[in-house]
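Proteins come first, then strands; the chains are lettered A, B, ... in the order of their sequence lines, and each starts at number 1. Everything quoted here is computed from the prediction, not taken from an experiment.
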Amino acid sequence: MTTTRFAPSPTGYLHIGGLRTALFSWLWAKKNSGEFLLRIEDTDLSRNSDEALSAILQAFEWVGMGYDGDAIYQSKRFDIYQKYVDQLLAEGKAYRCYMSKEELTTLRETQMAKGERTRYDGRYRDFKGTPPQGVEPVIRIKAPTEGNLIFNDGVKGEICIASSEVDDFVIARSGGVPTYNFVVAIDDALMGLSDVIRGDDHLYNTPKQMVVYEALGFKMPNFYHVAMINNEQGKKLSKRDGATDVMEYKTLGYLPEALLNFLVRLGWSHGDQEIFSIEEMISLFDPNNINKSSSNYNLDKLLWLNAHYIKNMPHDKLATLLSEYGVDIGSHKQLDLILNATKERGKTMVELANQINIILNTPTTYDAKGFKKAFKGEATTILNDFSTLLKEEEASLESPADYHAIIQKIVEQKSIGFGKIGMPLRVSLLGKMTGSGLDEIMMILGVDETINRIEKAIAFKKQQI
RNA sequence: GACCCUUUCAUCUAGUGGCCAAGGAUAUUGCGUUUUCAUCGCAAAGACAAAGGUUCAAAUCCUUUAGGGGUCGCCA
């Protein structure tokens, strides 16, 4: 049975790096018909917030990654942890340390000055005397004093860290509240995890957790430490590099399938394949193929993927999603035509919504440069004649091709180039020189609105003179 | 500073000793399609961090150097 987990601490929004490790864990569980569990690491009572928690859950919902069973809250499991603290104390595998914070600081400064890796010196490890007054002790676990702590990482291979680098770390604070490395090991074991996929930044926590597994006699899961995502310059990803909050991608108009596709290809690949449906990701993903090195965040690729998913999305679904971006065309009788005319012009949902609005809303202003260029010479006359022709043929206009025929007719009648009518017509309809195909636009708008826009543009032209 | 991890085109990556004078994708540039823009198609340019080994043969194995990242809490 494959069991994986995601274990966020509710202190902020869900970061895209976190989403990637969650995705890897989720895919691996799904692939093996196992379980993907959610655990909330809220042992630091002062830093938790309900808003952060709901933001994280909301992000999971948006990308469509569900978790199995109920979320586990560490803050509700203190009695379990306490039991294990007592057990270790009774077995002599942990001990009370009465060192004051001042003493600890002094020790660290001395070590730092000597150029050593700072660590607790074990002075209370075998303490048998009378404890000093006025110090509420912490509980420390006895870590091995010699040899190496070795584990096999599914991504990096064998990791060997000298025991001298791992000190007798605190497992319970002076107030009795247990600490991260202790509760993580206990919960991972108790939750029956087979595979732990987490960020590289936890690599050095693993030997510590090994000490806990060893002391408690728990079986270790497989660990996979995934390297970080950096910005395009290879530096740590910060808010200045663009969106780091998963939900911000929704606001910016990205589709969850594009974001997941983008993230799954960051550090993982399957030959030359770039596009992965969720089903393909599930069937192909294997954490043993995750790259060792960190990867850089690259917005261009995400944008390309997003455009791809927009272009290939069924129209009814696209229309439903568009309502979240302020465009309501679900019941428009030209829905298919509208989307066909615009979906190749929007790389994000925001851009797509904008493209649609440009067609659906009568222009209130005109691009100055484009208007000037388009309305040179005979443009007004040509448009007037075109309007008349439209009105005459109104009854027979049932498809974009019919509208195209009308334009063609004008072009032939007047022996002009297509641009002579195309340019002023486009500016009249859209307010600018670029955009969707004229035939489609007119079909969407219908004869009356098309003529209305032409007349408005002509009026604007007259006003200028 | 110490310890650990890492290093293929600008970016994501393929590559597990001979199939590699290194393949794909994005971005870039050019050409074509298109009434415009976009899409699409075709093409170009573009990398094994450096130096030493091992080997008949190295992007692939080893060593050193350099760059990048992570960690050194009674945070998680």
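Using a 4.0 Å heavy-atom cutoff across all strands shown, A/V170 reaches sugar-phosphate atoms only and no base atom. Using a 4.0 Å heavy-atom distance criterion, A/K347 is classed as a sugar-phosphate-only contact. Counting any heavy atom pair closer than 4.0 Å across all strands shown, A/G435 reaches a base atom. A/G346 comes within 4.0 angstrom of nothing in the nucleic acid, heavy atoms only. Residue contacts shown for A/K101 include a base, since a base heavy atom lies under 4.0 Å away. Using a 4.0 Å heavy-atom criterion, one finds that A/S9 contacts the sugar-phosphate atoms exclusively. Using a 4.0 Å heavy-atom criterion, one finds that A/E232 contacts the sugar-phosphate atoms exclusively.
B/rA14 and B/rC37 have their P atoms separated by 38 Å, given to the nearest Å. Between B/rU29 and B/rA45, the two C1' atoms lie 8 Å apart (nearest whole Å). Separation of the P atoms belonging to B/rG1 and B/rU8 is 24 Å when rounded to the nearest angstrom. Nucleotides B/rC40 and B/rA50 are separated by 43 Å at their C1' atoms, to the nearest Å. When the C1' atom is used for both B/rC42 and B/rG67, the distance is 39 Å, rounded to whole Å. Between the C1' atoms of B/rG17 and B/rU55, the separation comes to 9 Å (whole Å). When the P atom is compared between B/rG46 and B/rA38, the two are found 26 Å apart, to the nearest whole Å. Distance check on atom C1': B/rU64 versus B/rU54 gives 15 Å, rounded to whole Å.
For the pair A/N298 and B/rU26, the criterion of a side-chain N or O lying under 4.0 Å from OP1 or OP2 is not met. OP1 or OP2 of B/rA38 has not a single side-chain nitrogen or oxygen of A/K343 nearer than 4.0 Å. A/K235 has a side-chain polar atom (N or O) that falls below the 4.0 Å cut-off from OP1 or OP2 of B/rG69. Under 4.0 angstrom from either OP1 or OP2 of B/rG73 there lies at least one side-chain N or O belonging to A/R108. Checking the phosphate oxygens (OP1, OP2) of B/rG73, a side-chain nitrogen or oxygen of A/T118 falls inside 4.0 Å. For B/rU36, the OP1/OP2 oxygens have no side-chain nitrogen or oxygen of A/S436 closer than 4.0 Å. At B/rU36, none of the side-chain N or O atoms of A/K432 fall inside 4.0 Å of OP1 or OP2 (strictly under the cut-off). Between A/S294 and B/rG69 there is no side-chain N or O to OP1 or OP2 distance below 4.0 Å.
Remark: C1' of B/rC74 and OH of A/Y180 are 16 Å apart, rounded to the nearest angstrom. Taking atom CD on A/E440 and atom P on B/rU39, their separation rounds to 15 Å, with Å as the unit. Note: CG (A/L203) to C1' (B/rA76) measures 16 Å, nearest angstrom. The CD1-P distance, from A/I358 to B/rC37, rounds to 16 Å in whole Å. A straight line from OH of A/Y95 to P of B/rC74 spans 12 Å, rounded to a whole angstrom. One interatomic measurement links the two molecules: CZ of A/R345 to P of B/rC40, which rounds to 12 Å at whole-angstrom precision. The distance from atom NE2 of A/H308 to atom P of B/rU39 is 14 Å, rounded to the nearest whole Å. Rounded to whole angstrom, the span from the CG atom of A/N291 across to the P atom of B/rA59 amounts to 20 Å.
Of the candidates B/rA27, B/rC5, B/rU11, B/rU11 carries the atom nearest the A/N296 side chain, counting heavy atoms from C-beta on. Closest approach to the A/D300 side chain among B/rU13, B/rC74, B/rU26 is made by B/rU26 (side chain taken as heavy atoms from C-beta onward). The nucleotide whose nearest atom lies closest to any side-chain atom of A/K311 is, among B/rC40, B/rC74, B/rC12, B/rC40. Of the candidates B/rU26, B/rU39, B/rC5, the closest approach to any side-chain atom of A/W304 belongs to B/rU26. For A/D201, whose side chain is taken as the heavy atoms from C-beta onward, the closest listed nucleotide among B/rU71, B/rC5, B/rU7 is B/rU71. Proximity note for A/S293 (side chain, C-beta onward) versus B/rG69, B/rC37, B/rU7: the nearest is B/rU7.
When the nearest nucleotides of RNA chain B are assigned to A/R140 and A/V155 by heavy-atom distance, the more 5′-ward of the two goes with A/V155. Taking for each of A/L438 and A/R20 the nucleotide of RNA chain B with the nearest heavy atom, the 5'-most of the two is the partner of A/R20.
Nucleotide B/rA66 has B/rU7 as its partner under the Watson-Crick or G-U criteria, with both atom distances under 3.5 Å. The base-pairing partner of B/rU71, taking Watson-Crick or G-U wobble contacts with both distances under 3.5 Å, is B/rA2. For B/rA43, the paired base is B/rU29 (Watson-Crick or G-U wobble, both distances below 3.5 Å).
With no hydrogens or angles considered, no side-chain donor-acceptor pair links A/T434 and A/R345 at under 3.5 Å. A donor-acceptor contact closer than 3.5 angstrom links the side chains of A/E232 and A/N298.
For the side-chain contact (heavy atoms from CB on, under 4.5 Å) with A/I410, the lone residue among A/L383, A/I416, A/L425, A/L390 that qualifies is A/I416. Here the options are A/R125, A/R123, A/R119, A/R140, the test is side chain to side chain donor-acceptor pair (under 3.5 Å), and the partner is A/D168; only A/R125 passes.
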Check the pair A/E378 / A/K414 against salt bridge (charged side-chain N to carboxylate O under 4.0 Å, His left out), numbers first and verdict last. CA-CA 11 Å; A/E378 300 297 303; A/K414 298 188 162 286; over 6 Å; no
Would A/F386 and A/Y403 count as a ring-ring contact (aromatic ring centres under 6.0 Å, His included) here? Give the steps. CA-CA 11 Å; A/F386 180 68; A/Y403 280 92; 8.3 Å; no
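The shortest distance between side-chain heavy atoms of A/F60 and A/V246 does not fall below 4.5 Å. The shortest side-chain heavy-atom distance between A/D187 and A/R5 does not fall under the 4.5 Å cut-off. A heavy-atom distance below 4.5 Å is found between the side chains of A/W268 and A/F276.
Side-chain atoms of A/N205 and base atoms of B/rA76 include a donor and an acceptor less than 3.5 Å apart. Under 3.5 Å, the side chain of A/K301 and the base of B/rC12 form at least one donor-acceptor pair of N or O atoms. Not a single donor-acceptor contact under 3.5 angstrom links the side-chain atoms of A/S295 to the base of B/rC12. Checked by distance alone, A/Q273 brings no side-chain donor or acceptor within 3.5 Å of a matching partner on the base of B/rG24. Interface remark: the A/N230 side chain does not form any donor-acceptor pair with the B/rG69 base, using a distance-only criterion of under 3.5 Å.
Using the six-membered ring where Trp is involved, A/H225 and A/F151 have ring planes that are perpendicular, over 60° apart on the 30 and 60° scheme.
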